[in-house]
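Keep in mind that the numbers below use all heavy atoms, side chains included, and drop hydrogens, waters and symmetry copies. In the text below, chain A, chain B and the rest are named by the order of the sequence lines, each starting its count at 1.
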2 protein chains.
Amino acid sequence: MMVNVKLDDFDRRILDAVQRDGRVTADQLSETVGLSPAAVQKRLKRLRDQKVILQDIAVLDPQKLGPAMTVIVEISLERENLGVLDQFKRRMRETDEVQQCYYTTGEADFVLILVVRDIHDYERFTRDHFFGNAEIRKFKTNIVMDTVKVGLSVPVWEE
Amino acid sequence: MMVNVKLDDFDRRILDAVQRDGRVTADQLSETVGLSPAAVQKRLKRLRDQKVILQDIAVLDPQKLGPAMTVIVEISLERENLGVLDQFKRRMRETDEVQQCYYTTGEADFVLILVVRDIHDYERFTRDHFFGNAEIRKFKTNIVMDTVKVGLSVPVWEE
DNA sequence: ACTGAAAGGGTAGTAAT
DNA sequence: ATTACTACCCTTTCAGT
């Protein structure tokens, strides 16, 4: 379960760089962080092994793949027992249209970020996943008009 | 503003693969898509030039970087005029804690996904960005207890 | 049909990591 | 040593005549 990973400032600088651009070479990185290319590569390998770097991915433009719409949905469940919760989570993880899913406190139990083709596609989604599901008490839909900022970047804080 | 990029099934298979794992080699890709490594690379270059692939990034585990908390905030503005909107958007783009920002229809005007250190850090954020801002009518906070699914993956539809 | 241009794949050699 | 990049050549397609 090793949650305790200690990172120094070199690690932080590397992480800050690769989360902005994962294609920077160790050579370029060596200059910005102040280590040799080989040292940078060793650290990168360690950071991946330790799952500080979870994955390296390409970010696509949804629009370019065809008509696309982002929808944010807040869901309240009927009653929260573990079985229902886990089943719902599993289903969200398995569903392609679900880009992100958060289990939250507050008004909503879940917040989903979906990418669907159009409003009809979303209507179909609600039929398949919400109306057909007795556990869902209500849900609230927010259509995204402007994706102001997207990313998965995390502040790399100084200690 | 050439939005029209036509993609064939080869492109789709490449995109589907790299958005899951951006570190697959052209060699490996060549097998899964059925082209030569060089052809795959040429397509990757084109897809990046055409901004179908927007960026290649490393995804970090926020927890591993120190204490971290994800918060989803729904914001309603006082009155929506273009100046206020644009200024707010710009500010969100510039703020490190703001991982994602969406301008939406529905109950909320904006939905933010923040990554902060702890609840006190969030309190400071609200003071700096919400209470000090006369344009913000109200905001609703959802603390994330479980990040069920994260990613920026998009369905790569068949035509 | 014939030709020439354009697009895209493969091979192979070179540079980078 | 492995992987990425690229220059070169070949095939297919399609436009214009």
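- Residue contacts for Arg23(A): at a heavy-atom cut-off of 4.0 Å it reaches the sugar-phosphate backbone alone, with no base atom in range.
- Straight-line distance from the CG atom of Leu35(B) to the P atom of dA7(C): 18 Å, rounded to whole Å.
- Protein atom CG of Leu7(B) is 15 Å distant from nucleotide atom C1' of dG8(C), rounded to whole Å.
- Lys45(B) meets the side chain to side chain donor-acceptor pair (under 3.5 Å) test with Asp49(B); sequence neighbours excluded.
- Identified under the ring-ring contact (aromatic ring centres under 6.0 Å, His included) test for residues 42-97 of chain A, with sequence neighbours left out: Phe88(A)-Phe110(A).
- Not counting sequence neighbours, the partners of Thr141(B) by the side chain to side chain donor-acceptor pair (under 3.5 Å) test are Tyr122(B).
- Mapping heavy-atom proximity under 4.0 Å, the span of DNA chain D touched by chain B runs 5' to 3' from dT3(D) to dT6(D).
- Summarising the geometry, the separation between CG on Leu47(B) and C1' on dG8(C) is reported as 14 Å, rounded to the nearest angstrom.
- With sequence neighbours excluded, the residues that form a side-chain contact (heavy atoms from CB on, under 4.5 Å) with Val33(B) are Arg13(B), Ile14(B), Leu29(B), Leu35(B), Val40(B).
- By the side chain to side chain donor-acceptor pair (under 3.5 Å) test, Arg124(B) is found to be paired with Glu97(B), Asp121(B), Asp128(B), residues two or more places apart in sequence or in another chain being considered.
- An angle of 10°, rounded to 10°, separates the two end axes of the helix from dA1(C)-dT17(D) to dT17(C)-dA1(D), each defined over five pairs.
- Proximity of Arg43(B) to the phosphate of dG9(C): a side-chain N or O atom is located under 4.0 Å from OP1 or OP2.
- Contact of the Ile136(A) side chain with the Leu77(A) side chain is registered, since non-hydrogen atoms from C-beta on lie closer than 4.5 Å.
- The salt bridge (charged side-chain N to carboxylate O under 4.0 Å, His left out) contacts involving residues 29-43 of chain A comprise Asp8(A)-Arg43(A), Asp11(A)-Arg43(A), where partners must be two or more places apart or lie in separate chains.
- Taking the centre of each ring, Phe131(B) and Phe125(B) stay at or above the 6.0 Å mark.
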Quick one, give me the B/S/- string for nucleotides 11-17 of chain C, reading 5' to 3', where B means a protein heavy atom under 4.0 Å from the base and S means that only happens at the primed atoms, P, OP1 or OP2. B-----S

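- Residues passing the side chain to side chain donor-acceptor pair (under 3.5 Å) test with Gln28(A) are Thr25(A), sequence neighbours excluded.
- Applying the salt bridge (charged side-chain N to carboxylate O under 4.0 Å, His left out) test to residues at least two apart or on different chains, the pairs with a partner in residues 144-156 of chain B are Lys89(A)-Asp146(B).
- Phe10(A) is linked by a ring pair (Phe, Tyr, Trp, His ring centres under 6.0 Å) to nothing, counting only residues two or more places apart in sequence or in another chain.
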